[in-house]
Peer 1: 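Below is the structure I would like to discuss, written out as structure tokens.
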Amino acid sequence: MLRLDFFSGRKAQPIADDSPWEVIDLSNLPQHIAVIMDGNGRWAVSRKLPRTAGHRAGMSALKELVTTCGELGIQILTVYAFSTENWKRPVDEVGYLMHLLVEYMEKELAELHRKGVQVRAIGELAELPQAAQKALNKAEQMTRKNTGLKFNIALNYGGRREILQALRQIAQKVKTGEVDLEQIDEALFSHCLYTAGLPDPDLVIRPSGEQRLSNFLLWQCAYAEFWTSTVMWPDFRKQHLLEAIRDYQKRNRRYGGL
Ligand code: IPE
Ligand code: IPE
Ligand code: MG
């Protein structure tokens with residue numbers, strides 16, 4: 001049985017007899033993990049299933065990811081669920097994804113709340129279907145005072161879109177005289193992003209073999225560590241997360257210094 005003793009000290013207990021990832025250093029966990037949940041469609045097609053089956057299986061992988069992050073004591077998890085470019089897909093697939101989001105919230109919200117998870121949606125939410133907006137509002141309201149894992153779901157999210165809306169906010173403040181040009185700095189800019197108040201991701205995980213950001217957290221990922229895997233998102237398990245964290249712990253983050 002998989003068992004991690006996360007509260008025993010600096011080193012975790014062996015994860016599992018059959019696991020190659022024996023220990024992770026609990027004193028050096030990434031504070032913020034961001035995940036690009038990719039590969040649902042290919043997972044399904046390789047099994048001769050409709051792409052929608054891959055999205056449904058991806059929902060189970062998400063459930064496991066949130067649980068593991070909570071157990072590990074990860075502070076912030078941000079998942080990429082639907083990009084501003086994903087509207088290009090067939091209308092049926094988009095509809096299914098929106099339906100799955102509502103279903104996920106209906107099924108999982110009570111449990112997330114019980115575990116102290118704080119849910120936040122990031123992206124241009126006003127363009128989502130009413131049912132999705134309603135489900136997200138409910139989740140945010142119910143969990144807003146929770147102090148456990150901060151769980152951000154990026155929906156109708158685009159990094160460029162986010163940067164442009166921040167720019168508009170700041171331009172407006174300059175126009176009204178609330179902000180001087182000299183006052184525009186990284187802190188002010190970060191404050192105008194959807195992720196205001198959150199530290200930047202330390203670790204970005206992308207399954208499915210793709211090695212690109214696909215418009216995810218462009219500003220915030222300036223110094224994030226990137227970890228990719230050929231596993232498709234629906235097959236992403238606890239051990240993949242632990243492998244990613246373990247690899248992250250071997251990195252030397254120099255931030256341009258020596
Ligand atoms: C990720 O899986 C889910 C979304 C982008 C919404 P994909 O649907 O992109 O799966 P692939 O990349 O086609 O396999
Ligand atoms: C990125 O995956 C978006 C999400 C996972 C939500 P895509 O499948 O849309 O990205 P590309 O098209 O491969 O770059
Ligand atoms: Mg994809």
Side-chain angles (χ1 to χ4, degrees), residues 33-66 77-109 112 119-140 151-165 193-195 201 204-221 226-237 240:
I33 297 179
V35 180
I36 301 172
M37 303 187 291
D38 195 20
N40 295 351
R42 280 163 284 169
W43 180 91
V45 169
S46 73
R47 285 164 177 73
K48 299 193 173 19
L49 295 168
R51 288 177 56 86
T52 48
H55 295 313
R56 181 163 289 284
M59 191 165 76
S60 301
L62 174 60
K63 193 176 162 184
E64 183 170 327
L65 174 76
V66 174
L77 170 69
T78 301
V79 298
Y80 203 6
F82 192 87
S83 75
T84 47
E85 288 73 46
N86 287 148
W87 297 106
K88 291 176 193 164
R89 297 185 179 202
V91 69
D92 287 0
E93 181 168 342
V94 170
Y96 191 84
L97 284 164
M98 295 300 156
H99 160 81
L100 261 191
L101 167 69
V102 175
E103 187 185 314
Y104 174 82
M105 282 304 165
E106 279 171 0
K107 279 192 183 151
E108 299 300 323
L109 183 56
L112 290 169
V119 180
R120 172 167 161 184
I122 60 170
E124 291 300 320
L125 307 176
E127 294 169 6
L128 294 174
Q130 282 297 324
Q133 289 188 47
K134 214 173 136 200
L136 293 167
N137 275 336
K138 184 177 167 194
E140 288 186 340
F151 174 37
N152 308 306
I153 312 176
L155 285 156
N156 194 21
Y157 174 91
R160 289 188 172 184
R161 187 90 183 261
E162 179 181 39
I163 288 169
L164 284 178
Q165 67 76 38
L193 298 174
Y194 308 132
T195 51
V204 178
I205 294 174
R206 184 164 193 165
S208 91
E210 309 300 353
Q211 304 200 357
R212 53 178 171 264
L213 279 173
S214 299
N215 207 8
F216 189 41
L217 301 174
L218 296 183
W219 169 278
Q220 297 90 333
C221 283
F226 205 59
W227 189 84
T228 59
S229 161
T230 52
V231 70
M232 297 294 153
W233 174 248
D235 287 332
F236 193 93
R237 295 277 92 83
H240 299 112

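Worth knowing before you read on, the calculation uses all heavy atoms, side chains too, and leaves out hydrogens, waters and symmetry mates.
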Peer 1: Evaluate the side chain to side chain contact (heavy atoms under 4.5 Å, CB included) criterion for residues Ile205 and Phe236: first the C-alpha distance (whole Å), next the side-chain angles of each, then the deciding distance (0.1 Å), finally the verdict.
Peer 2: CA-CA 11 Å; Ile205 294 174; Phe236 193 93; 3.8 Å; yes
Peer 1: Could you name each residue pair satisfying salt bridge (Lys or Arg N to Asp or Glu O under 4.0 Å) that touches residues 77-101, not counting sequence neighbours?
Peer 2: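 The answer is Arg51-Glu93, Arg89-Glu93.
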Peer 1: Under the ring-ring contact (aromatic ring centres under 6.0 Å, His included) test, which residues partner Tyr104, sequence neighbours left out?
Peer 2: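 Residues passing ring-ring contact (aromatic ring centres under 6.0 Å, His included) with Tyr104: none at all.
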Peer 1: Which residues pass the side chain to side chain donor-acceptor pair (under 3.5 Å) test with Thr52, sequence neighbours left out?
Peer 2: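 Thr52: no side chain to side chain donor-acceptor pair (under 3.5 Å) contacts found.
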Peer 1: So which atom in Trp87 and which in Met98 form the shortest heavy-atom distance, rounded to 0.1 Å?
Peer 2: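 Shortest heavy-atom separation between Trp87 and Met98 comes out as CH2-CE, 3.8 Å.
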Peer 1: For Phe151, what residues pass the ring-ring contact (aromatic ring centres under 6.0 Å, His included) criterion, not counting sequence neighbours?
Peer 2: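 Expected list: none.
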Peer 1: How about Met105 and Val119: do any of their side-chain heavy atoms sit closer than 4.5 Å?
Peer 2: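 When only atoms from C-beta onward are counted, Val119 and Met105 do touch, with a gap below 4.5 Å.
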Peer 1: Spell out, as yes or no, whether a donor-acceptor pair under 3.5 Å connects the side chain of Glu140 to the backbone of Ala121.
Peer 2: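 It does hold such a pair.
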Peer 1: Any salt bridge (Lys or Arg N to Asp or Glu O under 4.0 Å) involving residues 155-165? Give me the pairs, sequence neighbours left out, ordered by first then second residue.
Peer 2: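 Residue pairs with at least one partner in residues 155-165: Glu127-Arg161.
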Peer 1: Apply side chain to side chain donor-acceptor pair (under 3.5 Å) to Asp38 and list each qualifying residue two or more places apart in sequence or on a separate chain.
Peer 2: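 Once residues adjacent in sequence are excluded, the partners of Asp38 under the side chain to side chain donor-acceptor pair (under 3.5 Å) criterion are Arg42, Arg206, Ser208.
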Peer 1: For Glu103, which residues count as a side chain to side chain contact (heavy atoms under 4.5 Å, CB included) partner, sequence neighbours excluded?
Peer 2: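 Result, side chain to side chain contact (heavy atoms under 4.5 Å, CB included) vs Glu103: Arg56, Met59, His99, Leu100, Lys107.
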Peer 1: Can a donor-acceptor pair be found, under 3.5 Å and without considering hydrogens, that links the side chain of Trp43 to the backbone of Gly54?
Peer 2: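 Here the side-chain-to-backbone pair does not exist.
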Peer 1: Apply side chain to side chain contact (heavy atoms under 4.5 Å, CB included) to the pair Trp233 and Leu65, showing each step before the final yes or no.
Peer 2: CA-CA 11 Å; Trp233 174 248; Leu65 174 76; 3.9 Å; yes
Peer 1: Taking Tyr194 for the side chain and Tyr157 for the main chain, is one N or O donor matched with an acceptor at less than 3.5 Å?
Peer 2: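 The answer is no, because no donor-acceptor pair under 3.5 Å joins these two groups.
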Peer 1: Identify the heavy atoms of Pro50 and Ala44 that sit nearest to each other, and give their distance.
Peer 2: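 Closest pair (atom of Pro50, atom of Ala44, distance): O-CB, 3.2 Å.
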Peer 1: Do you know which two heavy atoms are closest between Cys221 and Val204, and how far apart they sit?
Peer 2: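 Closest pair (atom of Cys221, atom of Val204, distance): SG-CG2, 3.5 Å.
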Peer 1: Before you tell me yes or no, could you show the steps for Tyr80 and Leu217 under side chain to side chain contact (heavy atoms under 4.5 Å, CB included), namely the whole-Å CA-CA distance, both residues' side-chain angles and the distance that decides it to 0.1 Å?
Peer 2: CA-CA 9 Å; Tyr80 203 6; Leu217 301 174; over 6 Å; no
Peer 1: Could you tell me whether the side chain of Asn137 and the main chain of Lys134 form a donor-acceptor pair under 3.5 Å?
Peer 2: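 No; judged by distance alone, with no hydrogens or angles, the pair does not exist.
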Peer 1: Which residues pass the salt bridge (Lys or Arg N to Asp or Glu O under 4.0 Å) test with Asp235, not counting sequence neighbours?
Peer 2: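 If we apply the salt bridge (Lys or Arg N to Asp or Glu O under 4.0 Å) test to Asp235, skipping adjacent residues, the hits are Arg47.
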Peer 1: Please identify each residue that fulfils salt bridge (Lys or Arg N to Asp or Glu O under 4.0 Å) with Glu106, with sequence neighbours left out.
Peer 2: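 Listed in chain order: nothing, the list is empty.
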Peer 1: Specify the closest pair of heavy atoms between Val94 and Phe82, including all atoms of both residues, with the distance to one decimal.
Peer 2: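 Where Val94 meets Phe82 most closely, the heavy atoms are CG1-CZ, 4.0 Å.
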Peer 1: Show the numbers, then the answer: is there a side chain to side chain contact (heavy atoms under 4.5 Å, CB included) between Thr195 and Trp219?
Peer 2: CA-CA 10 Å; Thr195 51; Trp219 169 278; over 6 Å; no
Peer 1: Quick one: CG on Leu97 to CG on Asn86, what's the gap to the nearest 0.5 Å?
Peer 2: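 Nearest 0.5 Å value for the CG-CG distance: 7.5 Å.
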Peer 1: Do Glu64 side-chain atoms and Arg237 backbone N/O form a donor-acceptor pair below 3.5 Å?
Peer 2: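 Judged by distance alone, no pair lies under 3.5 Å.
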Peer 1: Which residues pass the side chain to side chain contact (heavy atoms under 4.5 Å, CB included) test with Leu101, sequence neighbours left out?
Peer 2: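 For Leu101 the side chain to side chain contact (heavy atoms under 4.5 Å, CB included) partners, ignoring immediate neighbours, are Ala132, Leu136, Leu155.
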Peer 1: Measuring from atom CD of Glu210 to atom OG of Ser229, what distance do you get when rounded to the nearest 0.5 angstrom?
Peer 2: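 Spacing of CD (Glu210) from OG (Ser229) equals 12.0 Å.
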Peer 1: For Lys63, enumerate each residue passing the salt bridge (Lys or Arg N to Asp or Glu O under 4.0 Å) test, keeping only those at least two apart in sequence or located in another chain.
Peer 2: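 Expected list: Glu108.
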Peer 1: Between Asn156 and Leu125 (side chain of the first, backbone of the second, donor and acceptor by atom type, cut-off under 3.5 Å), is there such a pair?
Peer 2: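 Not at all, since once roles are kept as given, no pair shorter than 3.5 Å links the two residues.
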